[in-house]
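Right, one structure below, let's go through it.
Naming: A, B, ... by sequence-line order, numbering from 1 per chain.
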There are 2 protein chains.
Amino acid sequence: MCLVGIDLTIAALSDPTRRHLLGRLANHPRRAGDLAGGFAISRPAICKHTRILAKAGLIKATRRGRERIYELAPAGGRAIRDLIAKLEEVGRFWDETLEAFKRYAEEQR
Amino acid sequence: MCLVGIDLTIAALSDPTRRHLLGRLANHPRRAGDLAGGFAISRPAICKHTRILAKAGLIKATRRGRERIYELAPAGGRAIRDLIAKLEEVGRFWDETLEAFKRYAEEQR
DNA sequence: CAAATATGTAACCTTAAGGTTACATGTGTC
DNA sequence: GACACATGTAACCTTAAGGTTACATATTTG
């Protein structure tokens, strides 16, 4: 039940602002300014979040002139899938527990 | 793409110590002392982690004499599954992006 | 080239998370 | 009842996360 290796991913996803940012990048890339627009927090704050998302391999940026275009990084899909797999592993704990309880109930009968 | 409602769960799972604790509780319950044993950090620290896990609905405790027995909470299974569902939703972003890219490539041909 | 635009970075502040030690509380046991 | 045991709580410390403002940098445009 090794749960390492998902730390970066889950840490990146544990912040609601960052999840929101990912949602915005769904389907089509965006300029940094557009990505930051509409949030209650400042642009530099968003910039920090994008850096964290990038370090987690979830997004990537490419420069286009003076603009910077953010988009979902292909590797991110796999990172998410890996995380889901680990969580399913965790979820299995409960199945096992339930089963163990059932066995116990059988024995008592 | 509503990503709310998973905050407590993902926050609880984002700490490695807490994931480790869940692993220990897989299959069979444990006394608080046993649960805390073997960790590098102090028992009170573990106690705080268990409280967070309990608040997230992942574990529950029952008193037995002067001992306290921790075990996985049935509701936790659903919390995990909900989280997984949301993450699959997030994962779909990448599929969409990939598709959009494919469509774009088709058009260019 | 000067001014405006787009954006990252640096320095700093505040707060909350995770730790620690000391202590309170409740429960067995002699 | 006194004492040991099992465990949660309180008070406090340190650090890192998330914010802010001010500034540096690069590029477009008049």
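B/R30 places no side-chain N or O within donor-acceptor distance of the main-chain N or O of B/A36, the cut-off being under 3.5 Å. The backbone N or O of B/L35 lies less than 3.5 Å from a partner atom in the side chain of B/R24, making a donor-acceptor pair.
At a threshold of 4.0 Å, the pair B/E89-B/R92 does not count as salt-bridged, since none of the basic side-chain nitrogens sits closer than that to a carboxylate oxygen.
A sub-4.0 Å separation between OP1 or OP2 of C/dT20 and a side-chain N or O of B/S42 is present. Checking the phosphate oxygens (OP1, OP2) of C/dG19, a side-chain nitrogen or oxygen of B/H49 falls inside 4.0 Å. The phosphate of C/dG18 (OP1 or OP2) has a side-chain N or O of B/R18 nearer than 4.0 angstrom.
Rounded to whole Å, atom P of C/dT27 lies 14 Å from atom CD1 of B/I69. Distance CZ (B/F39) to C1' (C/dT20): 17 Å, rounded to an integer number of Å. Taking atom NZ of A/K48 as the reference point, atom P of C/dA10 lies 11 Å away to the nearest angstrom. What separates CZ of B/R51 from P of D/dT9 is a distance of 5 Å, to the nearest Å. Atom-to-atom, CZ of B/R19 to P of C/dG18 comes out at 12 Å; the value is rounded to the nearest Å. To the nearest angstrom, P of D/dA17 lies 15 Å from CD1 of A/I10. If you take CD1 of B/I41 and P of D/dT14, they are 18 Å apart, rounded to a whole angstrom. C/dA6 atom C1' lies 7 Å from atom CZ of A/R43, rounded to whole Å.
Backbone-only engagement by A/Y70 is indicated by non-hydrogen atom pairs under 4.0 Å involving sugar-phosphate atoms exclusively. Backbone-only engagement by A/R63 is indicated by non-hydrogen atom pairs under 4.0 Å involving sugar-phosphate atoms exclusively. Residue B/R31 is classed as a sugar-phosphate contact, given heavy-atom separations below 4.0 Å to backbone atoms only. Contacts of A/A45 with the nucleic acid, taken as non-hydrogen atoms under 4.0 Å apart, include base atoms. Residue A/R64 is classed as having no contact, given no heavy-atom separation below 4.0 Å to the nucleic acid.
Taking 3.5 Å as the limit, the base of D/dG8 and the side chain of B/R68 contain no donor-acceptor pair of atoms between them.
Nearest to the side-chain atoms of B/R66 among the listed nucleotides D/dC5, D/dT27, D/dA10 stands D/dC5.
Here the closest heavy-atom approach between residue B/Y70 and residue B/A61 is recorded as CE2-CB, 3.5 Å.
Taking 4.5 Å as the limit, every side-chain heavy atom of A/R68 sits out of range of all side-chain heavy atoms of A/R64.
Residues A/D15 and B/T50 each lie close to DNA chain D; by heavy-atom proximity, the contact nearer the 5' end of the strand is made by B/T50. For the pair B/E67 and A/S14, nearest-nucleotide mapping onto DNA chain D gives the more 5' position to B/E67.
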